[in-house]
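What follows is a set of notes on a single structure, which appears directly below.
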Amino acid sequence: MVSLTLTNVRPWGGDAVDLVLDGDRIASVVPAGSATPGGDALDGGGRLALPGFVNAHAHVDKSWWGQPWVSYGGEATTQGRIAHERAEREKYGIPSAASTTAVLREYLRHGTTAVRSHVDVDLGVGLRGIEAVRDAVDALGGAVEVEIVAFPQDGVMRRPGVLQLLDDAAAAGATSIGGIDPSAIDRDPVAQLDGLFEIAQRRGVGLDIHLHSGGELGAFEYELIIDRTLAAGLQGRVNVSHGFALGELAGARQAELLARLAEAGIGWSTVAPVRTAPLPWREMRDLGIPIGLGTDGIRDLWSPYGDGDILRIALGFARLHGLRYDEDLTYAVELATTRAASYVHRSVHDLVPGARADVVLLDAENVPDALMRAPRREVVVAGGRVVVDGGELLV
Ligand SMILES: [Zn+2]
């Protein structure tokens, strides 16, 4: 049954088609003007159509979007930011469903319809952050889907009780558990990683580990992660976030690690920050190592930066790597959409029959033009529902 037809749109800048939706799915894609009438219709006006954006690394439990400005404070190190956040978050009511709803609405306005979010789990908030995120997703009627990574921001082994909380989170439905700097934060990388992998294997959940350490220390941590991924049979279920060291390593060392990461089916997510080493993205693509793009936290106690627009993150990725050719610029947009399907547990995420009906319409000539200008999202359809029309949020 047809519920909505988006007429006269150009998927990926190709020929004009009608996208026929049935509930939350794309039912068929037919030449423009040939869709059988039925259900509602929305005139796409010949606009460029892209799949909904996927934010593969976010912190929606503690972003502070739409709230009064909070001046940045704390020491400018990872440890300093963690301590600052612990000291201040309660004052701002973090975590809460209301602040998470605000940031998810902003994501939707930018066309993001699926998110993988790390959610803090620690001795202070317990699992309250996860509950707040679930409430926010429900408040938006499931328009934006959120995969939850239970995240031990404040450390694991140095905070006895956190491993149990991660186990509880996995038992309560978190699809992945996280980890953080097993050397720099816990100063006991083997213990942290053994603990995390034991839970992941026993509970059948994925792992997504923040690594900030550079150079050989970072490389050593990848090796520990690769060994455990292979031993636990968790190929395809493990991701490294940030992992700055990979871009810093030299030729043969880097190539050796890339081959082992590919063998272990370990993915990578990045926010393409300025002032970091470029990733060997061509080699990663050719080896089939997934790359996801994320916003990380936006406007939070860690950083005043970020607006939640994944298309702008893709532009940052293109700029960091000096991309110029159309096919490379299109690849950056694919990272923000189709190629990120596995980050949100989808087998397919594209403008094709059977995919979730997540569609973004923009006034752009083609995909590279959309990337360079990141124009307003004119229409956003999320799970078959129009959530943005004329650039205005409807939810
Ligand atoms: Zn993060």
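Start at 1 and go down the list; that is how both ligands and their atoms are numbered. Counting begins at 1 with the first residue of the sequence.
- Scanning both residues, L351 and A49, for their nearest heavy atoms gives CD1-O, 3.5 Å.
- Take the N/O/S atoms of D296: the one nearest the Zn ion (ligand 1) is OD1.
- Among the atoms of H210, an N, O or S atom falls under 2.8 Å from the Zn ion (ligand 1).
- Judged purely by distance below 3.5 Å, without hydrogens or angles, the side chains of T295 and N55 pair a donor atom with an acceptor atom.
- Among all heavy-atom pairs drawn from L311 and L371, the shortest one is O-CD1, 3.8 Å.
- At least one N/O/S atom of H57, whether from backbone or side chain, sits less than 2.8 Å from the Zn ion (ligand 1).
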### Query
So D296 and Y305, side-chain hydrogen bond (donor to acceptor under 3.5 Å, both in side chains) or not? Walk me through it.
CA-CA 10 Å; D296 219 346; Y305 288 96; over 6 Å; no
